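Note that the coordinates shown come from a computational prediction; the quantities given were computed from them, not determined experimentally.
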Amino acid sequence: MRDGVIVEEGFVHEEETHLTVKKTSVFFAGDGFTAYDSKGEVVFRVDSYGPDSRDTNELVLMDASGRCLLTVRRKRPSLHQRWEGFIGERMEGKKPLFSVRRSSIIGRSSVTVEVSSIPYEEYQIEGSFANRSCTFFNSEKEPVAEIRRKVDASANVVLGKDVFSFSIKPGFDGAFAMGLVLVLDQINGDEYADDNGSRVDVHPINQDSKFSS
């Protein structure tokens, strides 16, 4: 069963999807990402959009072949760090599919995602992306995706924050979810990774745990 916005049918699965997401550079918040499935095959990629990029305010999510799936762009001026997402390439006059904003300027209460659909849809992302511990909720407060620290099961070691696990609930569009990860990386950035900073705490889960039914 579908759960929310659809960027592309091919990224909506009947079973829970587990991706490993790796930053292609760890020097700047907002450098590229590559997402791999459980077989080690590339599912999504984002080429570097670091400080030398032509436009650091616009990010493009691609599939493994380099085809543009989604474009997210910072809306300016924006006091709440608002971003907008567009299907495929963004063009002048094209209406955004969704917008993302921090729900609070002070602290890290949550991030709100508003979808321009009929009926209207809204999602909340709670937790700390900088610490790789956050959960995506739909309007019924049901979890639809989760980000957690990646664990090397063979060595029982938690890996660095440049690699993390991304679990997506059945029926929830993985391309839409991955687009939100790009925005979270820009909104939060690794500069917020101070464990003593203000953030919403979420209960850690086991790396292989399933979503609650």
Side-chain angles (χ1 to χ4, degrees), residues 4-8 11 17 19-37 42-76 78 80-90 94 96-103 108 110-116 123-136 144-148 150 161-168 172-193:
V5 62
I6 300 294
V7 172
E8 188 164 309
F11 297 106
T17 303
L19 301 178
T20 296
V21 183
K22 178 178 175 57
K23 293 192 72 169
T24 56
S25 173
V26 297
F27 297 108
F28 304 98
D31 283 321
F33 284 100
T34 305
Y36 303 88
D37 63 17
V42 174
V43 180
F44 303 111
R45 64 185 180 90
V46 180
D47 289 341
S48 177
Y49 45 87
D52 296 327
S53 176
R54 178 176 56 85
D55 188 352
T56 59
N57 293 315
E58 185 168 293
L59 323 176
V60 176
L61 175 69
M62 297 175 287
D63 64 10
S65 67
R67 180 171 59 93
C68 175
L69 299 172
L70 189 68
T71 301
V72 293
R73 182 173 179 82
R74 186 191 301 269
K75 185 176 182 180
R76 292 186 180 278
S78 177
H80 291 268
Q81 298 189 60
R82 183 181 291 271
W83 287 73
E84 294 178 327
F86 303 82
I87 294 286
E89 296 184 8
R90 185 189 69 87
K94 190 174 185 179
L97 176 67
F98 63 88
S99 65
V100 185
R101 62 179 172 81
R102 291 187 65 177
S103 300
R108 178 172 287 142
S110 67
V111 171
T112 299
V113 183
E114 299 169 320
V115 181
S116 304
Y123 298 85
Q124 295 290 326
I125 304 174
E126 300 179 0
S128 171
F129 175 77
N131 290 295
R132 307 305 187 242
S133 178
C134 56
T135 304
F136 299 34
V144 293
E146 293 181 320
I147 292 172
R148 294 291 181 264
K150 180 73 175 179
K161 294 175 184 176
D162 57 317
V163 181
F164 57 91
S165 296
F166 192 27
S167 299
I168 303 165
F172 192 64
D173 187 352
F176 174 49
M178 190 64 199
L180 297 180
V181 170
L182 305 187
V183 178
L184 286 175
D185 185 56
Q186 289 292 305
I187 290 178
N188 291 308
D190 288 341
E191 66 269 24
Y192 292 103

(request) Considering non-hydrogen atoms only, spot the tightest contact between A177 and F166 and give its length. (result) CB-CZ, 3.6 Å

(message) Is it the case that the side chain of R148 and the backbone of C134 share a donor-acceptor pair, with hydrogens and angles ignored and the cut-off at 3.5 Å?
(response) yes

(request) With sequence neighbours left out, write down each residue that passes ring-ring contact (aromatic ring centres under 6.0 Å, His included) with F164, or none if nothing qualifies. (result) F129

(message) If the threshold is 4.0 Å, N to carboxylate O, is there a salt bridge linking R73 and E84?
(response) no

(request) Measure the spacing between OH of Y36 and CZ of R45 and express it to the nearest 0.5 Å. (result) 10.5 Å

(message) Can you tell me how far apart SG (C68) and CG (L61) are? Round to the nearest 0.5 Å.
(response) 8.0 Å

(request) Establish, from distance only, whether the side-chain atoms of S65 and D63 form a donor-acceptor pair under 3.5 Å. (result) yes

(request) Kindly compute the distance separating OG1 (T71) from CG (L97), expressed to the nearest 0.5 Å. (result) 11.5 Å

(message) Is any side-chain heavy atom of F176 closer than 4.5 Å to one of V113?
(response) yes

(message) Can a donor-acceptor pair be found, under 3.5 Å and without considering hydrogens, that links the side chain of K150 to the backbone of K22?
(response) no

(request) Say whether, by atom type as modelled, one donor and one acceptor occur between the side chain of S116 and the main chain of F98 under 3.5 angstrom. (result) no

(request) Check whether any side-chain heavy atom of M62 lies under 4.5 Å from a side-chain heavy atom of L69, and answer yes or no. (result) no

(request) Decide yes or no for F33 and D185: does some side-chain heavy atom of the first lie under 4.5 Å from some side-chain heavy atom of the second? (result) yes

(message) Are M178 and L70 packed together at the side-chain level, in the sense that at least one heavy-atom pair is separated by less than 4.5 angstrom?
(response) no

(message) Can you list everything that forms a side-chain hydrogen bond (donor to acceptor under 3.5 Å, both in side chains) with E8? Sequence neighbours excluded, please.
(response) R67

(message) Taking side-chain hydrogen bond (donor to acceptor under 3.5 Å, both in side chains) as the definition, give me every residue that meets it alongside T34, ordered by chain and number, with sequence neighbours left out.
(response) none

(message) Could you measure the distance from the CZ atom of R132 to the OG atom of S165? Nearest 0.5 Å is fine.
(response) 11.5 Å

(message) Which residues pass the salt bridge (charged side-chain N to carboxylate O under 4.0 Å, His left out) test with E114, not counting sequence neighbours?
(response) R82, R101

(request) Could you grab the distance from atom CZ of R102 to atom CD1 of I125, nearest 0.5 Å is fine? (result) 12.0 Å

(request) Identify, with sequence neighbours excluded, every residue that meets side-chain contact (heavy atoms from CB on, under 4.5 Å) alongside V43. (result) F11, L19, D37

(message) Rounded at 0.5 Å granularity, tell me how far CZ in F136 sits from CD1 in I168.
(response) 8.5 Å

(request) Check whether any side-chain heavy atom of W83 lies under 4.5 Å from a side-chain heavy atom of L182, and answer yes or no. (result) no

